[in-house]
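Note that the structure is predicted; figures quoted are calculated from it, not measured. Protein chains get the first letters and strands the later ones, always in sequence-line order, with residue 1 at the start of each.
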2 protein chains.
Amino acid sequence: MSARGRCHSAPPRPRTGTTVKASRREAGVRVSVQHSGRGPQAASGEPVRRATMKDVAALSGVSIKTVSRVINGVSTVSDELRDRVTRAIVQLDFQPNLAASSLRRTDGATRQIALLLEDVANPFSATLSRAVENVARDHDSLVFAGSLDEDPQRELELVRAATLHRVDGIVIVPAAPDHGYLHREIRTGTPVVFVDRPPRGLAADAVLATNTEGAREAVLHLADHGHTEIAFLGDTRTISTVGERVAGYRAALAERGLPERPGRVVTDLPDTASAARAVAALLDSDRPPTALFTAQNLVTIGAIQTLQERGLHERVAVVGFDDFPLADLLVPRVTVVAQDVVRIGTLAVRRLFERIAGDDAPPREERVPTTLVVRGSGEIAPPR
Amino acid sequence: MSARGRCHSAPPRPRTGTTVKASRREAGVRVSVQHSGRGPQAASGEPVRRATMKDVAALSGVSIKTVSRVINGVSTVSDELRDRVTRAIVQLDFQPNLAASSLRRTDGATRQIALLLEDVANPFSATLSRAVENVARDHDSLVFAGSLDEDPQRELELVRAATLHRVDGIVIVPAAPDHGYLHREIRTGTPVVFVDRPPRGLAADAVLATNTEGAREAVLHLADHGHTEIAFLGDTRTISTVGERVAGYRAALAERGLPERPGRVVTDLPDTASAARAVAALLDSDRPPTALFTAQNLVTIGAIQTLQERGLHERVAVVGFDDFPLADLLVPRVTVVAQDVVRIGTLAVRRLFERIAGDDAPPREERVPTTLVVRGSGEIAPPR
DNA sequence: GACCCTGTTGACAACGTTGACTCAGCAGAT
DNA sequence: ATCTGCTGAGTCAACGTTGTCAACAGGGTC
């Protein structure tokens, strides 16, 4: 944007309808320039200075401080002045400058929070994101979302960017193996709430799913449908949820007196393709499992791909951890242990806003229960 | 946050491993308080004041202005001073106060852009969001995303919130029927780029899909597989893409000399459920269609639901507009006209950053081509 | 009438940074 | 030796707001 002009003179402004278009093509994208009489966008009607409190004060004949009081809802302003100021604000379309405000204020609030997740484009993150947005709205705060891609380095960068922008707080689905570095941020007044995975090397609030219990329930479900050969397939081992889910798997096997066969716990499957390959390998082994517990979204999908390719989708039982869209349109419909993602997100931001408001109770860990959603794929009986 | 303290004395800090937990239950969520020796989160090690340029200047023995120069990469600083300042910055963990900076700077840049979309939780929006984030990262900018839920009122509110926070620019998938109100924002220096749907009553940049051509291609595809009874099912009529896709549908029918039967164009299906009902109604009509062109994501899914329920999914052909996850795992796999969402998002933000950089060329409309993805559901032949 | 209290308003400085300007020092031209 | 121009550094004010404090009006009390 060029320097702010002072010129307020209105340019000639013909009707909008007269737009003429001319097309050309570049690299598959069709571009058309709009030769409207209104002229270029950025210069449309000369850049205009935004009104400040000073302008409002001048127009309503009061001091700047009184304008500030009206805006902040301070009660010691007479009705008459409040009225005059309010009218001036509307007339000038005044919006206070948040930067100046947060610079001066003692609490330094910016009314922005950061949400750092795995990848805004995956369904878990997207749902979380929406839940967080809804709560943030009630607190007049904006949410900026960042994707970590399970990369610790990226986590550092984004936390850094967040504090650079002086966000009021951070909700994070962490990727880093250690969070000691967050100590400094918390001490300088940026509270952090962990979601889905607990902090390591740091005491902080966390909202998590009951991973172990959920996994246990899933595997018991399979065992109770007659399966004795149940495999575990999961995401990257270093993610804490994976460990918890493995623990649940083992607890269920032990509870039903089933042995854990070697090679039946496969982890470090970060995407659909690797999960698909892992399932293929299992099926090709000497003693193929008759049931699969897929401990994550993408793993479940990869598994189903392989089963479909081999025509085994009506033969091998599958229970997945975490629900996903269209799970109930596949054949067979997919039985899952669903996390209450909206609940998790909501609790996490609420906690964050409590911290922002000054709550300094000891950090808490909240566990949100999962639900077994029976749909078909988990109720397939073992052969013979 | 309580008032900033000055106390820098380090509290006793025992090992982390000694955390003790106590559980209780409230409304299904298990809560455990962490009685770690480190004490409450917010007070952990007393709140600490953030370093300012003044501190850096004092530590390195230069003026504040020189610190500013170093941070902004001004070349007229001797190597020695630059070194001293850099070391002080690291030592104090200094991060410049962006609020103060943008307050003082002539361009007033905040390094934040807003992304307003239908709903961060739907796949189209989520993909767009990720694409925007990636480009924004290159410009050291943060993105905050907001969901409009197709609500014009909400659009006004969120644009308002965005300008209140003085974002450098806005990328928007609009919901409002008229965008004249944006004139003011553009003139005060907040450029706006439209995505998926063009602006109305305003000249502004837009990046759109080739809706008409894509729809035409889909319907020609169905006709060329022998269908003469093809229905159109679409989202809310007021959305411009819907109109364009209807136009493409009609163009294709005309091109193949097929009549448009009454009641075959069904719109205003905002969600899966209503789409499912609409398909049921069509199938129950006197002359049921043998093929469906579903002009939006959720509509496609709703249609498939009904077809599956009736066991017609291998009988009635379907081509959808817009790809969706798992489209290739359904039975039959779903043929779609895919939009290049990543491309659309990328072009849009790039354009936005050009505007932010001061480009004041006339507004442009770019059209990104669609691709027909043949998978099975669109190649089902009509009965007999 | 002097005193105090309360409630409303404004003057002023300060938040942390950067733009405009100044100034000292020095090299090269005169 | 003086002048000019340039380079590197510093001083000061200003961005738009809010916290602190003082001033003032009006009312009630003694």
Side-chain angles (χ1 to χ4, degrees), chain A residues 1-4 6 49-85 88-89 92-111 163-166 188-189, chain B residues 1-4 6 49-85 88-89 92-111 163-166 188-189:
Chain A
M1 217 97 334
S2 52
R4 289 171 180 167
R6 321 255 121 203
R49 198 176 58 85
R50 269 190 244 261
T52 70
M53 283 197 180
K54 210 158 134 188
D55 302 320
V56 176
L59 180 60
S60 47
V62 300
S63 79
I64 249 185
K65 180 74 227 206
T66 300
V67 177
S68 168
R69 281 194 259 258
V70 171
I71 284 173
N72 292 288
V74 174
S75 60
T76 63
V77 179
S78 70
D79 290 350
E80 201 222 317
L81 289 197
R82 183 185 312 282
D83 251 42
R84 293 219 311 260
V85 170
I89 288 175
L92 295 174
D93 187 41
F94 169 74
Q95 288 189 295
N97 185 321
L98 241 47
S101 170
S102 89
L103 181 61
R104 190 61 182 84
R105 297 186 104 106
T106 340
D107 64 3
T110 55
R111 303 203 157 283
T163 58
L164 177 63
H165 284 257
R166 301 290 194 269
T188 49
Chain B
M1 215 105 335
S2 52
R4 289 172 181 168
R6 305 258 122 219
R49 197 176 58 86
R50 266 192 246 260
T52 71
M53 284 198 179
K54 210 157 133 189
D55 302 319
V56 176
L59 181 59
S60 48
V62 301
S63 79
I64 251 186
K65 182 73 229 208
T66 299
V67 177
S68 167
R69 281 194 259 257
V70 170
I71 284 173
N72 292 288
V74 175
S75 61
T76 63
V77 180
S78 70
D79 290 350
E80 201 223 316
L81 289 196
R82 184 185 311 281
D83 251 42
R84 294 220 308 262
V85 170
I89 288 176
L92 296 173
D93 187 40
F94 169 74
Q95 287 190 296
N97 185 321
L98 241 48
S101 169
S102 89
L103 180 61
R104 190 59 183 85
R105 297 185 105 104
T106 342
D107 64 3
T110 55
R111 304 203 155 284
T163 59
L164 177 63
H165 284 258
R166 301 289 195 270
T188 49

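Side-chain contact between N97(A) and T52(A) is absent, with no heavy atoms from C-beta onward closer than 4.5 Å.
Projected onto DNA chain C by closest heavy-atom contact, I64(A) and T76(A) fall at different nucleotides, the more 5' of which corresponds to T76(A). Map V77(B) and R166(B) each onto its nearest nucleotide of DNA chain D; the residue landing nearer the 5' end is V77(B).
Rounding to whole angstrom units, CZ of residue R82(A) and P of dG7(C) are separated by 15 Å. Atom P of nucleotide dA14(C) and atom CG of L103(B) are separated by 17 Å, given to the nearest angstrom. When rounded to the nearest whole Å, the span between NZ of K54(B) and C1' of dG16(C) equals 9 Å. Between E80(A) atom CD and dT9(C) atom C1' there is a gap of 13 Å when expressed in whole angstrom units. Separating the CG atom of D55(B) from the P atom of dG16(C) is a distance of 9 Å, rounded to the nearest angstrom. For the pair K65(A) NZ and dT8(C) C1', the interatomic distance rounds to 13 Å; values are reported in whole Å. We find that CG of L98(B) is positioned 10 Å from P of dT17(C), with the value rounded to whole Å. When the C1' atom of dT17(C) is taken as reference, atom CG of D107(B) falls 13 Å away, rounded to whole Å.
Of the possible polar contacts, none joining the R104(A) side chain to the S101(A) backbone as a donor-acceptor pair under 3.5 Å is found.
With dT17(C), dT9(C), dT17(D) as the choices, the nucleotide that has an atom nearest any side-chain atom of R104(A) turns out to be dT17(D). Side-chain proximity of T66(A) to the nucleotides dG10(C), dT18(D), dG16(C) is greatest for dG10(C). Side-chain proximity of S68(B) to dT17(D), dT18(C), dG16(C): nearest is dT18(C). Which of dG16(C), dA14(D), dA14(C) sits closest to the side chain of T52(B) comes down to dG16(C). Listed candidates were dA11(C), dT11(D), dT18(C). Nearest to the side chain of S63(A) is dA11(C). Counting only heavy atoms from C-beta on, S78(B) has its side chain closest to dG8(D) among dT18(C), dG8(D), dT18(D).
Of all heavy-atom pairs between S60(B) and V56(B), the closest is OG-O, 2.7 Å. Scanning both residues, R111(B) and H165(A), for their nearest heavy atoms gives O-CE1, 3.1 Å.
Contact annotation: N97(A) side-chain N/O to dC15(D) OP1/OP2 distance is not under 4.0 Å.
Scanning atom types as modelled, one donor and one acceptor separated by under 3.5 angstrom connect the side chain of R69(A) and the base of dG10(C).
We find the CG-CG distance between D55(A) and D93(A) to be 12.0 Å, quoted to the nearest 0.5 Å.
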